[in-house]
Amino acid sequence: DHEATVAGRKKELEVIAQTKKVIQSSMVGSASFLQTKMATGARQRQSDSNAALGKQVASMVKELATEQKSPALTQLASRLSAVVRYSARNGDDPFAKVKQLISDMINKLMSEATDEAKEKAYCDGELRKTSDQKGELEDTAEGLKGKIDQAAADSVTLKSEVKELQSELAELASQQAEMDDARRTSHEVFVKSKADLQQGLDGIRSAIRILREYYASDDSGDAALLQSGEDMGDEMAQPAAPQKFKKSRGAGDTIIGLLEVVESDLAKTMAEEETEEAGRDMEYQKTTQENKVINSMKTKDVEYKTQEYKSLDKAITDLSADFDTTNQELVAVREYFGKLKDRCVAKPEPYAERMKRRQKEIQGLKEAVNILESSNGKSGGSFLQRHRGGR
């Protein structure tokens with residue numbers, strides 16, 4: 001019935017409880033040993049798992065070093081392997097040391113990357129600025145050289161023109177001097193010739209006048225003159241007078257006619273010579289005036305061109321000083337630019353490739369750190385299996 005059943009169940013529970021107490025009291029030592037055994041096994045398994053994971057990380061770093069040809073990572077891989085081996089022998093946890101070594105390397109690589117980025121920025125800025133400065137100085141120097149060459153060529157041309165003008169002026173002065181001498185000599189000849197002609201003409205005209213007056217007078221005058229002579233003859237007891245004299249008017253007219261022809265020739269000759277003299281003098285005055293104009297123009301040209309080439313010579317001196325200064329600056333900038341290229345350009349590995357390699361190194365090391373960090377609180381062996389499977 002029900003009461004008998006409840007009493008039976010109670011009795012059963014009491015027996016079981018008593019049995020448990022007996023077993024517990026008898027298994028105190030055995031349980032302690034078992035717990036110790038289990039703990040030791042767990043530590044061993046954990047140590048083995050840690051060692052395997054440490055070797056895996058060291059192997060990853062070594063592969064990364066080989067791939068990137070990095071001596072620093074190769075050295076790190078060796079140090080990691082040594083830490084893992086030492087910890088395995090002593091049963092220590094290598095993760096903290098390994099993680100610290102990798103983190104230090106990451107920091108070092110990131111610092112180097114930062115330094116290289118700064119160096120790249122500096123190099124790019126300096127190369128661009130120096131290249132622009134070099135280009136500006138080269139353009140300035142080239143411009144100054146062109147101006148100097150042009151000014152020198154213009155100065156040479158002007159000096160040659162001045163020399164030619166001075167030669168022409170000297171030739172013009174010589175020609176004018178010769179013309180002055182010729183004009184003076186010709187005028188002196190004319191004056192003397194005119195005086196001679198005038199003298200001859202005056203003499204011919206006097207002779208014609210005398211003859212005309214003589215033949216134009218009466219014979220009585222002449223007879224009186226002759227009578228007077230006779231009276232004197234009487235007194236002097238002269239012989240008898242000759243036959244009465246008569247003027248030879250025909251012969252006189254002939255002589256007067258001849259003298260008039262001579263007078264006409266002399267007057268014509270004088271007129272011709274006066275005309276020729278006037279023409280020669282007019283030509284001389286015209287040529288002299290033209291020479292004065294030419295001389296004035298050429299003299300002005302000489303003054304202007306002389307002033308111009310002197311100005312050019314001064315400009316050449318100033319430009320040469322500017323060119324020397326610019327050239328000195330250009331030499332210094334080229335030297336600095338060469339050093340910049342040696343520092344920034346002439347490298348066995350371009351900056352972009354170095355940064356790419358550096359990023360791969362940092363990324364690989366970060367993956368190794370992530371492996372270590374992800375192993376906390378998990379079974380190293382099971383995690384290692386998952387990591388290997390993922391790879």
Side-chain angles (χ1 to χ4, degrees), residues 118-187 279-347 351:
K118 292 180 180 179
E119 176 72 4
K120 179 66 165 55
Y122 167 80
C123 285
D124 289 346
E126 284 297 302
L127 283 172
R128 181 173 57 256
K129 182 178 71 175
T130 306
S131 179
D132 291 343
Q133 186 180 7
K134 183 172 74 71
E136 290 176 0
L137 287 172
E138 286 174 343
D139 291 342
T140 301
E142 184 177 354
L144 288 171
K145 186 65 167 59
K147 290 180 179 179
I148 291 172
D149 292 343
Q150 184 62 50
D154 292 344
S155 177
V156 170
T157 300
L158 287 170
K159 289 175 181 177
S160 176
E161 291 175 353
V162 167
K163 184 177 181 180
E164 183 176 354
L165 285 169
Q166 289 174 336
S167 176
E168 291 174 358
L169 285 170
E171 179 65 22
L172 184 65
S174 176
Q175 291 175 359
Q176 183 65 41
E178 291 178 359
M179 192 170 64
D180 291 343
D181 289 341
R183 175 85 279 270
R184 185 169 46 255
T185 301
S186 174
H187 182 67
R280 285 192 297 268
D281 187 67
M282 182 180 297
E283 184 65 24
Y284 166 78
Q285 295 297 337
K286 178 182 177 182
T287 303
T288 298
Q289 185 60 32
E290 290 176 351
N291 287 345
K292 286 181 179 180
V293 173
I294 294 173
N295 182 80
S296 178
M297 292 175 59
K298 290 183 181 293
T299 300
K300 289 294 184 183
D301 283 346
V302 168
E303 292 176 357
Y304 169 75
K305 292 179 183 295
T306 299
Q307 182 179 0
E308 190 172 358
Y309 80 66
K310 287 182 178 179
S311 177
L312 285 173
D313 289 345
K314 184 179 183 302
I316 290 171
T317 301
D318 295 338
L319 289 170
S320 297
D322 292 341
F323 176 78
D324 291 340
T325 300
T326 302
N327 196 52
Q328 290 175 1
E329 293 179 7
L330 181 58
V331 169
V333 169
R334 282 175 174 170
E335 182 179 356
Y336 177 65
F337 190 61
K339 292 179 179 179
L340 272 180
K341 290 196 292 185
D342 292 340
R343 172 178 174 176
C344 302
V345 179
K347 291 186 177 181
Y351 171 77

Short side-chain to backbone donor-acceptor contact, Ser160 and Val156, under 3.5 Å: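 No; zero donor-acceptor contacts below 3.5 Å.
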Within-4.5 Å side-chain heavy-atom neighbours: Thr140 and Leu144: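 Yes, at least one pair of side-chain atoms sits under 4.5 Å.
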Within a reach of under 6.0 Å around [atom1] of [X], are more than 12 heavy atoms found that belong to other residues, nucleotides or ligands?
X	atom1	answer
Tyr336	OH	yes
Lys159	NZ	yes
Gln307	CD	no
Gln285	CD	yes

Reference residue Phe337; test side chain to side chain contact (heavy atoms under 4.5 Å, CB included); the match among Leu330, Thr130, Asp342: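 Answer after filtering Leu330, Thr130, Asp342: Thr130.
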Sole candidate of Glu168, Glu303, Gln166, Glu164 that passes side-chain hydrogen bond (donor to acceptor under 3.5 Å, both in side chains) when paired with Lys298: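 Checked Glu168, Glu303, Gln166, Glu164 against Lys298; only one passes side-chain hydrogen bond (donor to acceptor under 3.5 Å, both in side chains): Glu168.
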side-chain contact (heavy atoms from CB on, under 4.5 Å) between Leu319 and Ile316, worked out: CA-CA 5 Å; Leu319 289 170; Ile316 290 171; 5.5 Å; no
Evaluation steps, side chain to side chain donor-acceptor pair (under 3.5 Å), between Asp154 and Gln150: CA-CA 6 Å; Asp154 292 344; Gln150 184 62 50; 2.9 Å; yes
Sidechain N-carboxylate O distance under 4.0 Å for Asp180, Arg184: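 No salt bridge links Asp180 with Arg184.
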Those residues that, when tested against Met179, pass side chain to side chain contact (heavy atoms under 4.5 Å, CB included) (two or more places apart):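 Testing Met179 for side chain to side chain contact (heavy atoms under 4.5 Å, CB included), a comparison that skips the adjacent residues, returns Gln176, Tyr284, Thr287, Thr288, Asn291.
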Arg128/Asp132 under salt bridge (Lys or Arg N to Asp or Glu O under 4.0 Å): CA gap, chis, key distance, verdict: CA-CA 6 Å; Arg128 181 173 57 256; Asp132 291 343; 5.5 Å; no
